[in-house]
Amino acid sequence: MMLYEQIYDVVRQIPPGRVASYGQVARLVGGCTARMVGYALAALKRSKESESVPWQRVINRHGKISPHGDGFGSLMQRERLEAEGVVFGEDGRVDWQTFGWLEEK
DNA sequence: CGGCTGACTCTGG
DNA sequence: TCCAGAGCCAGCC
């Protein structure tokens, strides 16, 4: 099984209304880095998997959405998360204590 | 087979 | 607190 498939599988386990960081996903997959996760998600847009993987629930370590696409994709990501109940602070950050999938430590 | 492309995280100044 | 640089690797032409 390709590494990307394993990453997608972990992302699919994130429940609605919750978010996880690239590093946490990488940790769960094991043997891969946060950057690998970012690369895998970037590859999603040119894959059919994009329809079945909740990529919007993966954000960076600072609780913010990393700029990607034309800077337009990140906006869509925020819209999707807010639709699930995730709330962004004034600085555009998410509260890990409230919306983090696994407790951030 | 060689080169190009990315949605991160950490560390030091 | 903010910014720049380094480390790093699978997929797809």
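By convention in this document, chain letters (A, B, ...) are assigned in the order of the sequence lines, proteins followed by strands, and residues within each chain are numbered from 1.
Hydrophobic cluster membership differs between A/Phe72 and A/Met76, with clusters built from Ile, Leu, Val, Met, Phe, Trp and Tyr side chains linked at under 4.5 angstrom.
Residues A/Glu84 and A/Gln56 have side chains that bring a donor and an acceptor to within less than 3.5 angstrom of each other.
The distance from atom NZ of A/Lys48 to atom P of C/dG11 is 18 Å, rounded to the nearest whole Å. The CG atom of A/Leu41 sits 14 Å away from the C1' atom of C/dG11 (whole-angstrom rounding).
More than 12 heavy atoms of other residues, nucleotides or ligands sit less than 6.0 Å from atom CZ of A/Arg78. Within 6.0 Å of CG on A/Asp70 lie no more than 12 heavy atoms contributed by other residues, nucleotides or ligands. In the displayed structure, A/Arg93 atom CZ is contacted under 6.0 Å by at most 12 heavy atoms of other residues, nucleotides or ligands.
Applying the side chain to side chain donor-acceptor pair (under 3.5 Å) definition to pairs two or more places apart or across chains, those involving residues 29-45 of chain A are A/Arg35-A/Tyr39.
For A/Ala26, the side-chain contact (heavy atoms from CB on, under 4.5 Å) partners at least two apart in sequence or on another chain are A/Cys32, A/Val37. In terms of the side-chain contact (heavy atoms from CB on, under 4.5 Å) criterion, residue partners of A/Leu28 (sequence neighbours excluded) are, by chain and number, A/Val10, A/Trp101, A/Leu102.
Along DNA chain B, the stretch of nucleotides lying under 4.0 Å from any heavy atom of chain A spans, 5' to 3', B/dG6 to B/dC10.
Using a 4.0 Å heavy-atom distance criterion, A/Ala42 is classed as a base contact.
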Below 3.5 Å between N/O atoms, which protein atoms pair up with nucleotides 5-9 of chain C? Just atom names and distances, please.
unit_1, atom_1, unit_2, atom_2, d
C/dG7, O6, A/Arg35, NH1, 2.3
C/dG7, O6, A/Arg35, NH2, 3.0
C/dG7, N1, A/Arg35, NH1, 2.4
C/dC8, O2, A/Arg35, NH1, 3.4

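Counting all heavy atoms, side chain and backbone alike, A/Val11 lies closest to A/Pro54 at O-CG, 3.3 Å.
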For DNA chain C, produce a single dot-bracket line, 5' to 3'. Pairs: Watson-Crick or G-U wobble, both distances under 3.5 Å. Symbols: ( ) within strand, [ ] crossing, | other strand, . unpaired.
.||||||.|||||
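Looking at heavy atoms from C-beta onward, A/Ser21 lies out of side-chain contact with A/Ile59 at the 4.5 angstrom threshold.
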